[in-house]
Amino acid sequence: MIELTDVHKSFGKVEVLKGITANVEKGEVVCIIGPSGSGKSTILRCINGLESYDRGEISVEGLKVDRDAPSIVKIRTQVSMVFQRFNLFPHRSVLENVVEGPLFVKKEPRAQVLERGRALLAQVGLAEKADAHPPQLSGGQQQRVAIARALAMQPKAILFDEPTSALDPELVGDVLGVMRKLADDGMTMVVVTHEMGFARDVADRVLFIDGGVIVEQGPAKALLNQPRHPRTQDFLRRVLHPL
Amino acid sequence: MKGFWRDAAEFFPILMNGVALTIVVTIGSLLLSTVLGLIWAMMRVSGIRVLSMLSAGLINVIRGIPIIVLLFYLYFVMPDLGVTLTALQAAILGLGIAYSAYQAENFRAGIEAIDRGQIEAAQSIGMGWWLTMRRVVLPQAVRIVLPPYGNVMIMMLKDSSQASTITVAELALQGKLIASSTFKNTSVFTLVALMYLTMSIPLILLVRHFEKRAGKK
């Protein structure tokens with residue numbers, strides 16, 4: 001469904017992606033792990049055209065990702081994104097945040113969209129917060145609203161860019177719980193994360209990225225329990241046993 | 001003091017005619033400068049090189065010319081080029097153009113203060129440039145822009161007196177005409193000053209309200 005072929009990307013003179021080739025099948029949950037600065041987030045941002053790439057090709061359901069082409073709107077409405085810092089619209093209510101895309105981008109009928117918006121808020125456990133504004137919510141609640149906003153687009157896949165990294169530890173569980181539920185429901189997900197427990201339990205596959213290349217990839221449990229590459233072993237040792 | 005009140009009662013109705021024109025010039029040029037300023041600011045942040053350079057150049061040219069010279073140009077030079085404007089039209093046009101530069105810089109600062117993540121969130125749900133501006137950036141920028149916008153309103157009210165130099169009989173010119181025909185300089189200009197102040201005070205309070213609201217967030 002999402003295919004990356006030899007994708008290269010530089011910021012100035014620094015090459016952050018040095019030939020990434022990977023694919024994500026429909027219904028699959030793929031976690032991308034790796035040290036910070038390894039290019040994990042950049043991969044996600046290239047997939048929905050928030051970032052351009054220099055060489056190679058990315059396609060979503062056969063449609064080439066080109067952030068300067070009109071087709072990018074179609075891709076973005078099919079591939080939603082959840083950000084590390086939530087990026088909710090602070091001047092709109094929670095429900096308005098959720099229905100913004102369907103209403104103004106996809107131009108769906110209002111009544112129907114509002115109904116779906118409320119259902120989605122209920123699904124992420126925030127039905128009673130529909131009329132609150134984002135700054136009044138905790139980080140975990142905001143991120144769940146952001147997930148509802150992504151779902152409201154009725155996407156074929158959702159990209160998660162370190163969705164729990166900005167949260168207080170006690171709030172992480174709620175967000176991961178919602179994500180796990182989504183995975184169980186068969187949503188296609190690409191998740192950049194430092195939550196190894198989530199990757200092990202929920203992901204179908206894990207990609208380990210370091211220095212702009214995929215160092216190792218494979219089924220989640222196998223890769224996380226018995227990493228083969230020394231760099232993966234070293235990374236996992238540091239993440240799992242920081243002391 | 002008694003003399004002042006007698007003079008005030010006599011001149012007040014005439015000066016009120018001036019006040020009416022002052023308000024027309026102020027509101028007219030405020031609207032024009034807001035529209036032009038928004039256009040310059042949008043061009044500036046459009047990400048299209050030609051547009052943003054054009055806008056930056058325009059703003060610098062406008063900023064570099066005194067208002068009074070701009071007014072003279074519109075009123076005295078344009079007729080030579082075949083465009084004849086009434087004094088009122090020239091005043092509104094001149095002040096509107098002059099202030100559009102400040103408005104544009106103010107709007108741009110407000111737009112650029114919006115967190116990059118907001119724009120990315122808008123893009124990620126498929127919004128294009130204009131929809132992102134309209135639904136996400138501008139509504140948030142308004143809060144930031146309002147206090148300085150209020151200050152511009154006060155400055156414009158006072159600078160509308162420059163229209164007197166091209167024969168618009170607004171408050172300042174009415175005052176000058178009465179003073180030079182009655183020699184009652186003290187009464188007349190005290191009255192004129194008080195009338196400007198009276199018009200400014202609501203605006204000053206409005207700015208304070210804006211600042212409080214923006215500070216609260």
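Per chain, numbering begins at 1; letters A, B, ... match sequence-line order. Given the structure is predicted, the values throughout are model-derived calculations rather than measurements.
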Please check if the number of heavy atoms outside B/M155 that lie under 6.0 Å from its CE is greater than 12.
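Result for CE/B/M155: enclosed.
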Basic-acidic side-chain contact under 4.0 Å: A/R67, A/E51
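The answer is no: the pair does not qualify as a salt bridge.
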Is chain B contacted by the side chain of [X], its backbone, both, or neither, given a heavy-atom distance below 4.5 Å?
| X | value |
| --- | --- |
| A/L88 | backbone |
| A/F89 | both |
| A/V82 | neither |

Name the atoms and distances for all side-chain donor-acceptor pairs under 3.5 Å in residues 22-30 of chain A, with sequence neighbours left out.
| from | atom 1 | to | atom 2 | distance (Å) |
| --- | --- | --- | --- | --- |
| A/N23 | ND2 | A/E25 | OE2 | 2.6 |
| A/E28 | OE1 | A/E25 | N | 2.8 |
| A/E28 | OE1 | A/R205 | NH2 | 3.1 |
| A/E28 | OE2 | A/R205 | NE | 2.8 |
| A/E28 | OE2 | A/R205 | NH2 | 3.3 |

Residues from residues 91-115 of chain A approaching chain B under 4.5 Å (heavy atoms):
A/H91, A/R92, A/E100, A/G101, A/F104, A/V105
Write out, in numerical order, the residues from residues 175-190 of chain A with a heavy atom short of 4.5 Å from a heavy atom in chain B.
none
Regarding B/T34 and B/Y149, is there a side-chain donor-to-acceptor distance under 3.5 Å anywhere?
yes
Side chains of B/S100 and B/W40 only: does a donor on one sit below 3.5 Å from an acceptor on the other?
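Yes, side-chain donor-acceptor contact under 3.5 Å.
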If we check side-chain contact (heavy atoms from CB on, under 4.5 Å) with B/V24, which of these qualifies: B/V168, B/V19, B/L88?
B/L88
Which residues from residues 108-117 of chain B are near chain A, with near meaning under 4.5 Å between non-hydrogen atoms?
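Within residues 108-117 of chain B, the residues under 4.5 Å from chain A are B/D115, B/G117.
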